[in-house]
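All residue numbers refer to positions in the sequence shown, counting from 1.
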Amino acid sequence: MLGGLAALGALGAAGCTRVAAASGKAGGDLLDRLRAQGVVRLGIAGEVPFGYIDKDGRLTGEAPELAKVIFKRLGVGRVQPVPTEFGSLIPGLNSQQFDVVAAGMYVNPERCQQVIFADPDYQMLDSFIVRKGNPLGLHSYRDVVAKKAKFATGTGYAEIQYAVEAGYKEGDILIVPDQVAGLNAVEAGRVDVFAGTALTTREVVRKSAKAEATRPFAPLVKGTPHVDGGAFAFRPAETSLRDAFNGELRKLKKSGELFRILRPFGFTKAEMTGLTAKELCGG
């Protein structure tokens with residue numbers, strides 16, 4: 001983890017050169033320009049397992065590894081990471097700092113007003129990190145509110161709004177950098193529960209003697225169980241690139257190769273999905 005963070009800093013300094021602005025061509029001409037350059041710049045947020053720099057300084061994660069395959073098929077042979085904070089991904093994309101967000105970003109209506117998404121490459125339920133035995137019996141956001149549990153989640157996480165919708169006061173939420181910090185907070189007793197994706201929580205507690213992950217569940221949105229989907233994001237004008245990306249993604253889903261790419265990062269067949277960006281954007 002420490003090696004990855006150091007590499008993030010070094011790459012951040014080298015990878016922030018702005019790209020040329022989109023042309024007036026219908027659908028955008030970014031794909032043509034990327035083919036000519038031979039490289040695509042990926043905005044990542046340093047989050048395991050979605051997109052990060054490993055301890056050896058190599059770009060990896062489910063989104064970058066998928067990007068390598070799809071962009072090679074599209075005629076772009078190389079990917080280059082541009083690390084940033086999660087909350088800066090959409091502003092960075094729209095200010096031309098990189099070409100595409102490759103960070104496993106959830107598709108939701110608010111973000112769909114700012115960027116366009118490919119169809120999701122995975123779907124995800126939520127889960128909690130709690131102390132061994134789950135002493136407070138926390139299995140949903142409503143449980144957290146009812147038990148007056150001390151609640152934490154990550155910076156920019158969708159789980160913030162799920163907790164607020166269940167009745168938790170946003171100002172009382174402890175915001176931590178990531179799931180590792182969330183695990184530490186639960187183990188140290190600073191909070192009763194940390195909320196994250198089912199994938200990240202189950203992976204981070206594997207070696208913990210003090211904490212466990214709860215059974216995955218669908219958070220309620222307007223009273224209805226909701227399943228999230230993570231996808232690549234593009235600037236609104238670049239529909240040609242998004243459509244070409246979607247075409248290759250559909251082929252990977254149909255062949256089963258998508259699962260083979262994502263499986264090393266802890267994804268299961270339960271996280272493979274037929275959800276579309278249109279569905280998650282609200283129609």
Could you check whether any side-chain N or O of [X] sits under 3.5 Å from a backbone N or O of [Y], counting only pairs where one atom can act as donor and the other as acceptor?
X: Q123; Y: L275; answer: no
X: E212; Y: G133; answer: yes
X: K147; Y: L136; answer: yes
X: S240; Y: G27; answer: yes
X: Y52; Y: R58; answer: no
X: R41; Y: V79; answer: no
X: E279; Y: T276; answer: yes
X: T200; Y: G196; answer: no
X: S88; Y: T84; answer: no

Task: Student check: side-chain heavy atoms of R235 and N94 closer than 4.5 Å - done: yes
Counting the benzene-type ring for Trp, do [X] and [Y] have ring centres under 6.0 Å apart?
X: F217; Y: F128; answer: yes
X: Y106; Y: F50; answer: no
X: F234; Y: F117; answer: no

Task: Salt-bridge present (D29, R33; N to O < 4.0 Å) - done: yes
Open item on the list: For F151 and Y141, take the angle between the two ring planes, folded into 0 to 90°, and tell me which bin it lands in: parallel under 30, tilted 30 to 60, perpendicular over 60.
Closed with: perpendicular
Task: Heavy-atom pair with the smallest gap, counting every atom of D121 and L258 - done: O-CD2, 3.5 Å
Open item on the list: Does either side chain, that of E85 or that of T155, offer a donor lying less than 3.5 Å from an acceptor on the other one?
Closed with: no
Task: Donor + acceptor pair across side chains of Y122, D228 (<3.5 Å) - done: no
Please check if the number of heavy atoms outside [X] that lie under 6.0 Å from its [atom1] is greater than 12.
X: E257; atom1: CD; answer: yes
X: K72; atom1: NZ; answer: no
X: R260; atom1: CZ; answer: yes

Open item on the list: Please identify which of these residues, D126, V164, I173, meets the side-chain contact (heavy atoms from CB on, under 4.5 Å) condition with E159.
Closed with: D126
